[in-house]
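All values below come from the heavy atoms of this structure, side chains included, with hydrogens, waters and symmetry mates left out. Remember, it's a predicted structure, so these values are computed and weren't measured experimentally. To find a chain, count down the sequence lines: A is the first, B the second, and so on, and within it residues start at 1.
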Amino acid sequence: MKRILLLCAVLILGWTVANAQETTPLSRWEAAANAYSEGEWQQALDLYQALEAEGFQSAELDYNMANCYYKLGGSLGASILHYERALKQNPRFEDAAFNLALAQQQTLDRIDQIPEFVLVKVLRNIRQFFSADAWARASLVLFALGLVCLLGLRYGRTLRLRKTAFVLSVILVLFAIFAGCFGFGAKQAALRDDQAVVMATVSSVKSSPSTSGNNLFVLHEGTKVGVLETLGKWMRIELADGRQGWIQTQEAEII
Amino acid sequence: MHRTMKRFMGTTLALFLGAIGLFAQPTFRVEVPSVVAVDETFQVVFKANERVESFEPPRFEDFDVLTGPVPSQMSSTSIINGKRTQSYEMTYSYVLQAQKEGVFTLPTASVVIDGKTYTSKPVQVKVVQSQRKASAQGGTAQQAGASAQRSGDSISEDDLFLNISVNRRKVVLGEPVIVTIKLYTRRQISGFEDVRFPTFNGFWSNEFESPSNVSFVREEKDGVIYDAALLRQYMLIPQQTGTLTIDPAELVCLVPVRTQNRRGHSLFDDFFDSGYQNVRKRLSTKLFTLTVEALPAPEPASFGGGVGRFQLEANLSQTTVKAHEAVNLVITVKGAGNINLIDAPEYRLHPDFEVYDVKRSENISVGTAGPAGSRTFEVPFIPRSAGVYELEPVRMSYYDVQRKQYVTLESASLTLTVEAGETQAAVVSGGNGHQQIVKNLGEDIRYIVTRTDALRPARALFCGSLLYWGLPLVMVLLVLLVAWLLDKRIERKKDVVGTRNRQANKVARNRLKLANTFLSQQLYTAFYEELHKALIGYLSDKLTLPMSELNRDRITEVLTRRGADAVLVGRLMAVLDACEFARYAPQTDALQMQQHYAEGVEVLSMIESL
């Protein structure tokens, strides 16, 4: 009898130890995926939030959290916010863009976008081809190649070789500068904090940063706005169609 | 021939009579007022619609028989638009008087029609205490009322009133309520005006009883006998919770009242004036309220608003079909409750089936207890590919009012066998005629990312970091270093040649200088030896050739590569030849020595300038 009890005790102890070992971030990441696949959205979300609180950060983590919010229902704003965050970190995250479009269909506000200049669009599309770090690495490699070509210019045996080396080095250094610019552009886009998503179900936008200000218009949960400045508990926001107004900081969250 | 004709006629007649017999089923029934007062005389009529062979009278024990049975018969034939209808009625009437209060069963009577015995149904009669004994002699309540009006012409609330009644006062959302509006009177009424029925705010309402002719029936209310007429009957289904008020119904009755104080009593007056005047009496029901409670909170997913008690059945019109043939899924909901508001229960068919709009049909009757019946939903669909399909059972939840809980019904699961059908006639000839566009069945967000490498700790960007700016600087420095090293190496290489060149010149001059001293001293052999040494040494240093390689061919080759022409090479060779010749054949020719010296100096300077 005693032996059986001892065995039980050892087993229980072993189980708890095994459990304790199981809580590595990776196992929790997998546990969250399991919870999600079984429809336990809240549990999955809790696990992802714990991982985020531990200092993990990736476009995929934000994307997964956004999916949980979407599935939970009733938190469309949070869902859109996290999709936007995922896209901010990785603008070429196709799944996030797809789900964001689906979530945005459910928002109430329709704001007409001012059409963008074509060149800006093209440049942005090129920029979004790589991440900021990839651009930075590319710029360094191009710069190094340009310098090598400069050496060729100086020590080339024949005139033709020297001419080619000169042209190449100029092109490579120029490309390196472009790549560096794209890298900084991408970095700025990834670190920008001048956009926000409305989190309150209904939020009235005032003409001045006080509750006594005139109501200019009403925004609903999930609408994306630009943030121009922050003043105390108020943010000055701008809509995609150019309208501006003041909103309380607690009613919107910076992407 | 004649006989045949006669027989034919006879058969026809028999058939005809038989047909009449078939159409008119013999019935025997009793007509009696349901409520009477004590000592009131009333009539009981037994009616048969066929010729009666014998009548067995009832034995009245609780009532006094004043007259009867009085038999009478009536028959009528009418032809309307060539259609002949015949009716026949045999009646036996009694006039009875009730002795005491209570509920009595009227004894049955029986008749023999065509050799068969028919017995009337036992009917209950309620006998109430007479309110006004004096007026009880009147045959009907109206007559009783008329006697009352003789005593005073005011129309009291008890004589005439409008009543609204419901079968339930406290209901849950969606539970049907039957509202009845009745007019009770003890007086003659000559007409109605300004009838206004309530609008039922907050209810779904259905007026299921609205007789076009107002017919009065004797009815007892609070121990008083009235003539009651059903005006309207509604079925209400509450659509919101809380205390709902039902507006009063209103109407104006025209009541004839005997005019008093008739002065100038003349014959004309008597002739034209009936002695009665219509008085308008406005009646209205009392305002009353219904309490509607909300349904319990967690309602099942398949709840469709049904409140009452239902049964669910699902069937397929065919269980085996060929592909591209239509099948019906027939869902029947039976029961009592708000069945007319129930929509088709949730059904899920295989996504490959082509599903069409639901066809609804209903068979609902509304009684005093509320609506009951069945509602049928037919879902037509066409299976497009062969196979055996297990259909998901149909689920429906409703709220059971009696048990106060939700009940979920589930139909039996159905199996549909689809056999390969003939190819569609509409298929256009072509290779891919059987292909169809992949349809979108639903839309959902894409799945989460489960790759484990997606879990990364937050880290600083490389772009714009110190390392990013440091690396190009390092690269530039590296390149400068490489350039410096290369420069240095080239310079050193150049220097070695330069020094040797410079030294070659110097050595050559030195050697030539020595040769010059030998020339001035006229030392023939020494002079040529020194001249040869100077030339070879110079060439070795200038062309950077080791002594071992200094043969004539090599010198010619290197010099030609350096751009020397054949003449110069020839002159050099000539001087060298002269030197070598002079060493072995001594000659003392000062002039020749002088010439060779000048030639050597010139050749050296020419090679130097190459």
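- Contact of the B:Leu409 side chain with the B:Ser397 side chain is not registered, since no non-hydrogen atoms from C-beta on lie closer than 4.5 Å.
- Looking only at atom types and distance, the side chain of A:Tyr83 has a donor-acceptor partner in the side chain of A:Asn67 under 3.5 Å away.
- Between A:Phe129 and A:Trp135, the distance separating the two ring centers is not shorter than 6.0 angstrom.
- Within the 4.5 angstrom heavy-atom criterion, no atom of A:Leu150 approaches chain B.
- With chain A as partner, the option from B:Leu486, B:Ile445, B:Asp444 having the largest number of non-hydrogen pairs under 4.5 angstrom is B:Ile445.
- Between B:Asp400 and B:Phe310 the shortest side-chain heavy-atom distance does not fall below 4.5 Å.
- Contact annotation: the side chain of A:Leu172 approaches that of A:Cys149 to within less than 4.5 Å [non-hydrogen atoms, C-beta and beyond].
- Counting heavy-atom pairs under 4.5 Å between each of B:Val479, B:Asp487, B:Ile448 and chain A puts B:Ile448 at the top.
- With a 4.5 Å cut-off on non-hydrogen atoms, A:Leu151 touches chain B through its side chain but not through its backbone.
- A:Leu26 touches chain B through backbone and side chain together, each having a heavy atom under 4.5 Å away.
- Residue A:Tyr48 touches chain B through its side chain alone, counting heavy-atom pairs closer than 4.5 Å.
- At a 4.5 Å heavy-atom cutoff, A:Gln89 makes no contact with chain B through either its backbone or its side chain.
- Proximity to chain B (any heavy atom under 4.5 Å) is restricted, for A:Phe98, to the side chain, taken from C-beta onward.
- Side-chain contact between B:Leu559 and B:Leu572: present, with at least one pair of heavy atoms (C-beta onward) separated by less than 4.5 Å.
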